Amino acid sequence: MYQKFETTSFSQFRQQYFNNLREQSCLLPALEELCGGWTQETLKSILQKLTKKNQAPLPLFFDSSQAMDSISNKKQALATVFQQFDSRGIGRIDATELFSVMVLLSTGEVSQIFYNIAVIFGSDKTNHITSDEFYFFIDCLFRGISKVLICKGENKPINLNKRLNDQDINKFMQQIFKGQQKVNKDELYASVKQSQQLFEFIEYISISMQTSMEYTRQQSLLMMKITMEVKKLMAQMLSQIDGSAKK
């Protein structure tokens, strides 16, 4: 039997995650490997591949890790990420959950992140994002972060399959859109700032994700450097041993 989502209030989400993410590395390791070094421009280029340069809509789901090949050639990381997002065991993952997480972890200014949110989740045919489209993004985002964020004292994501309740999302939409149906895509950043708690939460999650990505990247570079130094020392030792044997 498939697992169902547990509907949760914003205050409960905030209590669990805000200022409570594991220091240094707070993301699912496979996701860090998959998206290592990504910027907002990297993400845009990947989305261009997925949409065949805007000739097709973004996929709403992936039914296998092989279907995600356009995202990366890191097959093991793709398989692990697919398994993690398929936390309800239905044999497919919601692509929009994954995209909502990816746009926050890719390096860039907060204003650029919100613009790209509007581009990804808004209609391609207009320069606007509607309240319904941003509602959908928020729903996707909170479902997504429950699957990838690691809190203090934990070594993996816990409390999977949570989603934000309708009442809180509607409250945020009222604060952001103020009775209007849509805002310009380049105005979304300023509009979301009017919902202080939501903006503060998203900004914290995004900064924490990007910091985690950079920490993991630096650790990988350090390990590569150490490995190269060890190989160099071994080569020197073997050369000295070989030289001594010939004397």
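Note that the structure is predicted; figures quoted are calculated from it, not measured.
- Considering only heavy atoms from C-beta on, I138 comes within 4.5 Å of L198 through its side chain.
- Atom CZ of F5 sits in a crowded spot, with more than 12 heavy atoms from other residues, nucleotides or ligands closer than 6.0 Å.
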Residues T8, Q16; criterion side chain to side chain contact (heavy atoms under 4.5 Å, CB included); working and verdict: CA-CA 11 Å; T8 305; Q16 180 175 351; over 6 Å; no
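- For Q180, there are no side chain to side chain contact (heavy atoms under 4.5 Å, CB included) partners two or more places apart in sequence or in a different chain.
- Residues L21 and M209 form no side-chain contact, since every pair of their non-hydrogen atoms from C-beta on lies 4.5 Å or further apart.
- For F121 against S100, the heavy-atom pair with the smallest separation is CZ-CB, 4.0 Å.
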Pair Y135-N170, side chain to side chain donor-acceptor pair (under 3.5 Å): steps then yes or no: CA-CA 8 Å; Y135 181 110; N170 281 321; 4.7 Å; no
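- A donor-acceptor pair under 3.5 Å is formed between the side chain of Q194 and the backbone N or O of S191.
- Closest approach of V101 and I145 over heavy atoms only: CG2-N, 4.0 Å.
- Of all heavy-atom pairs spanning I176 and S195, the tightest one is CG1-CB, 3.9 Å.
- Distance CG/L34 to CD/Q76: 11.5 Å, rounded to 0.5 Å.
- Summarising the geometry, atom CD belonging to Q181 is positioned 12.0 Å from atom NE2 belonging to H128; distances are rounded to the nearest 0.5 Å.
- S106 contributes no side-chain N or O that, together with a main-chain N or O of Q40, makes up a donor-acceptor pair within less than 3.5 Å.
- Residue Q175 comes nearest to K178 through the heavy atom pair O-NZ, 3.5 Å, listed as atom of the first residue, atom of the second, then distance.
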Candidate pair N116 and L43, rule side chain to side chain contact (heavy atoms under 4.5 Å, CB included), full reasoning: CA-CA 9 Å; N116 285 340; L43 177 62; 5.6 Å; no
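- For the pair S208 and C26, the tightest heavy-atom approach, listed with the atom from each and the gap, is O-SG, 3.6 Å.
- Side-chain atoms of S146 come within 3.5 Å of backbone atoms of R143 as a donor-acceptor pair (strictly under, hydrogens ignored).
- In this structure, the side chains of I113 and Y189 stay at 4.5 Å or more apart for every pair of heavy atoms.
- Here L141 contributes atom CG and T96 contributes atom OG1; the two are 10.5 Å apart, rounded to the nearest 0.5 Å.
- A salt bridge links E97 with K147; the closest basic N to acidic carboxylate O contact falls under 4.0 Å.
- In this structure, F137 has its ring center under 6.0 Å from that of F134.
- Taking the side-chain hydrogen bond (donor to acceptor under 3.5 Å, both in side chains) definition, one finds that T7 meets it with nothing, sequence neighbours left out.
- The 12-atom threshold is exceeded at CD of E200, counting heavy atoms of other residues, nucleotides or ligands nearer than 6.0 Å.
- Side-chain contact check for V81 versus I71: every heavy-atom pair is 4.5 Å or farther apart.
- Going from atom OH of Y204 over to atom CG of L104 covers 13.5 Å, rounded to the nearest 0.5 Å.
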Residue pair L160, R88: steps toward the side chain to side chain contact (heavy atoms under 4.5 Å, CB included) verdict: CA-CA 9 Å; L160 308 184; R88 295 191 296 147; over 6 Å; no
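- Within 6.0 Å of NZ in K75 there are 12 or fewer heavy atoms belonging to other residues, nucleotides or ligands.
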Side chain to side chain contact (heavy atoms under 4.5 Å, CB included) evaluation trace for F99 with L47: CA-CA 9 Å; F99 298 148; L47 296 178; 4.2 Å; yes
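- A donor-acceptor pair is defined here as one N or O able to donate and one able to accept, closer than 3.5 Å; no such pair exists between the side chain of D86 and the backbone of I93.
- Taking 4.5 Å as the limit, some side-chain heavy atom of I46 sits within range of a side-chain heavy atom of W38.
- For R92, the CZ atom counts as loosely surrounded, since its 6.0 Å shell holds 12 or fewer non-hydrogen atoms of other residues, nucleotides or ligands.
- In this structure, the side chains of L164 and D139 stay at 4.5 Å or more apart for every pair of heavy atoms.
- Enclosure of atom NZ in K49 by more than 12 non-hydrogen atoms of other residues, nucleotides or ligands within 6.0 angstrom is indicated.
- Between M173 and D132, the closest side-chain pair of non-hydrogen atoms is not below 4.5 Å.
- Aromatic rings of F172 and F10 (six-membered ring for Trp) have centroids within the 6.0 Å cut-off, being under it.
- The side-chain tip of R14 points at the ring of F18 from less than 6.0 angstrom away and within 45° of straight on.
- The line from CE of M102 to OG1 of T42 is 11.5 Å long, rounded to the nearest 0.5 Å.
- No donor-acceptor pair closer than 3.5 Å links the side chain of E154 to the backbone N or O of C151.
- To the nearest 0.5 Å, the span separating CD on Q84 from OG on S87 amounts to 7.0 Å.
- Contact detail for I150 and L27: the closest heavy-atom pair is CD1-O, 3.5 Å.
- With no hydrogens or angles considered, a side-chain donor-acceptor pair links Q210 and S206 at under 3.5 Å.
- Taking the six-membered ring where tryptophan is involved, the planes of F114 and F199 are essentially parallel, since the angle between them stays under 30° and well short of 60°.
- Hydrophobic clustering keeps I158 apart from L149 (ILVMFWY residues linked when any side-chain heavy atoms are closer than 4.5 Å, directly or through intermediates).
- Side-chain contact check for K193 versus E203: every heavy-atom pair is 4.5 Å or farther apart.
- Counting non-hydrogen atoms of other residues, nucleotides and ligands closer than 6.0 Å to NZ of K52 gives a total of 12 or fewer.
- Under the 4.5 Å side-chain heavy-atom criterion for ILVMFWY residues, no single connected hydrophobic cluster contains both F61 and I120.
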